[in-house]
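Being a predicted model, the structure only gives us computed values, none of them experimental. Lettering of chains follows the sequences in order, A, B, ..., and the numbering in each one begins at 1.
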Number of protein chains: 2
Amino acid sequence: MSKANDPSLRSWVEVAPDSDFPIQNLPFGIGARPGDSPRPLVAIGDKALDLAALQHAGLLDVPGLRADVLHMPRLNEFIALGKAVTGAVRERLSELLRHDNAELRDNDLCNTALLEQKNLTMQMPVRVGDYTDFYSSIDHATNVGTMFRDPDNALLPNWKHLPVGYHGRASSIVVSGAEIHRPTGQQLPAGAETPVFGPSKLFDFELEVAFVTGKATALGERVSVAQAEDHIFGLVLFNDLSARDIQKWEYVPLGPFLAKNFGSVISPWIVTLEALEPFRTEGYTQDPPVLPYLRYDGKMNYDLKLEVDLVLPDGQSKTVCQSNFKYMYWNMCQQLAHQTVNGCNINVGDLYASGTISGPEASSFGSMLELSWRGTKPIPMPDGSERKFVNDGDQIVMRGWGAGEGYRVGFGESRCTVLPAREL
Amino acid sequence: MSKANDPSLRSWVEVAPDSDFPIQNLPFGIGARPGDSPRPLVAIGDKALDLAALQHAGLLDVPGLRADVLHMPRLNEFIALGKAVTGAVRERLSELLRHDNAELRDNDLCNTALLEQKNLTMQMPVRVGDYTDFYSSIDHATNVGTMFRDPDNALLPNWKHLPVGYHGRASSIVVSGAEIHRPTGQQLPAGAETPVFGPSKLFDFELEVAFVTGKATALGERVSVAQAEDHIFGLVLFNDLSARDIQKWEYVPLGPFLAKNFGSVISPWIVTLEALEPFRTEGYTQDPPVLPYLRYDGKMNYDLKLEVDLVLPDGQSKTVCQSNFKYMYWNMCQQLAHQTVNGCNINVGDLYASGTISGPEASSFGSMLELSWRGTKPIPMPDGSERKFVNDGDQIVMRGWGAGEGYRVGFGESRCTVLPAREL
């Protein structure tokens with residue numbers, strides 16, 4: 001266990017008990033002050049540390065930490081330095097932030113290097129090379145199969161043998177705070193034989209977690225399950241916005257396309273795998289047994305609480321989903337081993353999303369499709385209205401955290417506002 | 001019609017009649033001399049022009065042409081200057097290369113700026129942001145539907161209403177000359193209920209053409225059919241290598257994944273849309289009529305001959321497919337309009353591939369799956385062996401060109417060698 005994870009640590013920076021960013025977290029992100037250029041930061045409480053300023057002042061002397069990567073507008077080059085370096089940076093920051101360490105606390109540098117998060121514009125933490133979306137929650141896959149196919153054979157034959165996944169669009173992944181227009185496209189009305197064209201009527205979210213790769217491979221190489229954690233830098237929340245009516249008409253036989261690539265919204269801080277170490281837990285038993293290249297030992301799931309709020313235009317909100325990352329049937333190491341078993345190469349900054357994370361309880365379903373059971377069970381909202389899917393003007397807010405004793409290690413939020421469809 | 005397309009033009013650089021690179025073409029690529037850094041080049045005959053050297057010598061004074069982009073290892077920044085600039089560069093190069101222009105011809109600069117292609121290592125011409133693979137050949141889709149579903153209903157209900165497409169893997173797109181290992185993965189043997197694991201037995205190519213985007217859009221914006229050509233910089237050959245047995249087991253319900261992302265091989269020179277202007281032709285009639293956002297006027301297809309050779313380890317070869325880009329049912333402008341109708345943003349350097357291009361004749365089918373009709377019609381090879389799919393040690397070579405009178409405007413080749421599967 002990393003020293004930086006010690007539950008007894010506390011910082012001289014004030015951290016509220018429900019903050020996602022105690023000294024045990026120290027996630028990395030990219031943000032900019034008004035009029036300044038975006039740069040690598042680390043979150044602590046409601047503040048953020050400017051890493052370049054710390055290094056310039058001689059407080060971040062970590063072997064292998066090149067100064068240039070701390071001035072770049074994305075974290076790819078920093079992450080590519082490797083876990084020996086990025087892990088040592090986290091350990092050193094933990095030291096600097098401890099309540100009993102005066103190096104930074106009593107230093108005028110605080111005035112310029114310790115920024116208020118509320119004054120920052122957060123940006124995409126990485127340039128996303130490729131993005132894969134898996135489909136690894138058994139409760140979600142069972143719900144979808146039950147609704148659209150056969151309750152007695154809800155899972156397709158391949159589902160328990162491999163982590164089903166598909167390639168998604170990297171360009172349309174944006175950071176929390178985005179405004180996303182309702183997409184327009186083709187839909188086939190019930191009973192019709194020819195499609196109509198117009199704004200999607202079934203706008204949905206999908207509650208997901210995505211991992212960011214930190215170590216590249218060459219084409220032809222494989223990453224085994226045992227090697228996979230060394231290639232995973234950290235995690236973010238991922239809202240895979242989906243237009244269910246567009247999806248239904250387009251997705252056979254080659255998969256989802258325009259139903260998914262109009263915007264996906266991530267949380268801005270990458271929580272490192274090291275910071276999530278205390279939250280390891282068992283996954284579901286995999287039965288039938290998986291093929292040898294997918295076998296794993298130990299606790300490869302993570303107990304991370306996940307929530308989705310819908311916020312109405314008047315500001316009232318309702319938590320519509322409470323789920324957990326531990327419900328994944330296929331874990332991240334299996335996903336990465338599967339992704340590369342054919343020699344597919346990975347780059348630093350790729351994103352690999354979990355697929356919708358639903359749990360066994362109806363309140364834990366990770367999409368409106370499941371929560372409203374295809375619209376048959378509308379969800380009452382605090383203003384007296386109800387929701388089958390998401391309306392124009394609604395905000396979708398996702399949160400997630402590991403619960404320690406007296407602190408939590410969290411992601412911050414993925415927030416987006418749904419705007420009306422654009423005129424053609 | 002661009003002056004540079006004048007069929008009567010000839011160059012002081014010797015160009016063989018069957019060269020893909022006469023003065024009417026002038027495609028852009030990235031190549032490196034031994035020990036030198038990769039840089040932007042233009043092909044002429046069996047030579048290539050170093051654009052930075054020309055500009056440095058004062059021979060390439062084109063308004064808006066920044067010097068820095070001519071020293072970069074990919075063409076994205078050059079292309080992003082826009083067609084007004086890149087088109088003017090092509091026109092100026094055409095002037096410089098005319099048989100009656102002495103500026104470069106009689107200049108010592110030729111010794112350093114005019115390179116032998118055989119001495120160059122060609123590289124990826126662009127950093128590929130995102131890659132989409134369409135499925136736009138009606139003969140191909142009909143063949144696949146006939147083999148795997150129902151000859152009387154070969155096309156799925158959505159096929160004639162929208163250009164079906166899916167997102168592919170950008171990281172594994174490589175340039176001609178690559179060696180690609182046969183992928184390993186899960187397959188379901190006929191009659192079995194559980195999958196086996198091993199090297200793919202059904203290794204295939206797909207003959208495709210891909211366009212490279214040259215102008216970015218913001219998330220939420222659309223590109224209409226009429227605007228689309230302004231966003232298309234040029235075209236390359238695209239070999240979408242496919243493992244049919246892996247594909248069959250994995251692709252329901254979310255589409256092809258590991259069957260496709262172990263390597264895709266493009267030709268190194270991007271042939272500009274301007275150079276292909278003389279080869280415009282009509283497409284198939286689209287019946288039923290398409291929705292308004294997909295309607296187009298004029299000749300939006302291109303008459304480009306396409307060939308696939310299989311080269312055996314002993315060097316003997318056979319042309320197994322002769323097809324044509326004109327067989328596309330959905331044209332490139334429709335594809336880009338569809339890709340963006342929901343607001344999906346595009347970047348400079350994205351690749352959009354056609355899908356397998358088959359024609360109506362059996363000899364024009366663009367994959368071994370179709371040529372051998374699922375392995376039921378093996379193809380005799382010159383060494384007495386036969387092929388149902390591609391063997392280890394085989395090379396796959398794709399070529400394509402527009403045929404002018406006495407010259408041809410071509411792509412060069414997409415060539416790859418199939419290596420045995422790697423041991424686990």
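- The shortest side-chain heavy-atom distance between Q286(B) and Q334(B) falls under the 4.5 Å cut-off.
- Between chain B and the options H181(A), H338(A), K160(A), K260(A), heavy-atom pairs under 4.5 Å are most frequent for H338(A).
- Judged by the 6.0 Å distance and 45° axis criteria, R374(B) is positioned over the aromatic ring of F148(B).
- Both the backbone and the side chain of R422(B) come within contact range of chain A, each with at least one heavy atom under 4.5 Å from a heavy atom of that chain.
- With salt bridges taken as basic N to acidic carboxylate O contacts below 4.0 Å, one links E206(A) and R244(A).
- Contact annotation for V174(A): only side-chain heavy atoms (C-beta onward) come within less than 4.5 Å of a heavy atom of chain B.
- Using the six-membered ring where Trp is involved, Y352(B) and F211(B) have ring planes that are parallel, under 30° apart on the 30 and 60° scheme.
- Top candidate by heavy-atom pairs under 4.5 Å with chain A, chosen from S171(B), G255(B), S172(B), is S171(B).
- Centroid-to-centroid, the aromatic rings of Y135(A) and H140(A) come within less than 6.0 Å.
- Using a 4.5 Å cut-off between heavy atoms, L258(B) contacts chain A through both its backbone and its side chain.
- Aromatic ring orientation, F257(A) versus F134(B): perpendicular (interplanar angle above 60°, classes split at 30° and 60°).
- Looking at V252(B), the atoms closer than 4.5 Å to chain A (heavy atoms on both sides) sit in the backbone and in the side chain alike.
- For V164(A), the part lying near chain B is the side chain, with the backbone staying farther off; criterion is any non-hydrogen pair under 4.5 Å.
- Each of N347(B), L156(B), V341(B), L162(B) has some count of heavy-atom pairs under 4.5 Å with chain A, and the biggest count is that of L162(B).
- Looking at I173(B), neither its backbone nor its side chain comes within 4.5 Å of chain A, counting heavy atoms on both sides.
- Of the two parts of D350(A), only the side chain, counted from C-beta on, holds a non-hydrogen atom closer than 4.5 Å to a non-hydrogen atom of chain B.
- For the set A243(A), G185(A), P183(A), G168(A), the entry with the most heavy-atom pairs within less than 4.5 Å of chain B is G168(A).
- Counting heavy-atom pairs closer than 4.5 Å to chain A, the top residue among A178(B), P157(B), S200(B) is P157(B).
- Using cut-offs of 30° and 60° for the angle between ring planes, the W159(A) and Y329(A) rings count as tilted.
- In terms of non-hydrogen atom pairs under 4.5 Å with chain A, the most contact-rich of P195(B), G343(B), A259(B) is P195(B).
- Counting heavy-atom pairs closer than 4.5 Å to chain A, the top-ranked of the candidates D133(B), N261(B), L219(B), T184(B) is N261(B).
- Heavy-atom distances place the side chain of T132(A), and not its backbone, under 4.5 Å from chain B.
- Look at E179(A) and R415(A) and you find no salt bridge, because none of the NZ, NE, NH1 or NH2 atoms lies under 4.0 Å from a carboxylate O.
- Residue E221(B) touches chain A through both its backbone and its side chain, counting heavy-atom pairs closer than 4.5 Å.
- A salt bridge does not link D245(A) to K201(A): none of the charged nitrogens lies less than 4.0 Å from a carboxylate oxygen.
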Starting from the C-alpha separation in whole Å, work towards a yes-or-no answer on ring pair (Phe, Tyr, Trp, His ring centres under 6.0 Å) for F389(B) and F205(B). CA-CA 9 Å; F389(B) 288 89; F205(B) 59 79; 9.6 Å; no
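- For chain A, the option among G129(B), P292(B), A421(B), G220(B) with the highest count of heavy-atom pairs below 4.5 Å is G220(B).
- Looking at I346(A), both its backbone and its side chain come within 4.5 Å of chain B, counting heavy atoms on both sides.
- The part of L291(A) that comes within reach of chain B is its side chain, from C-beta onward, which places non-hydrogen atoms under 4.5 angstrom from that chain.
- From D240(A), atom CG reaches atom OG of S354(A) across 9.0 Å, with rounding to the nearest 0.5 Å.
- Residues T213(A) and L336(A) meet the side-chain proximity criterion, which asks for heavy atoms closer than 4.5 Å.
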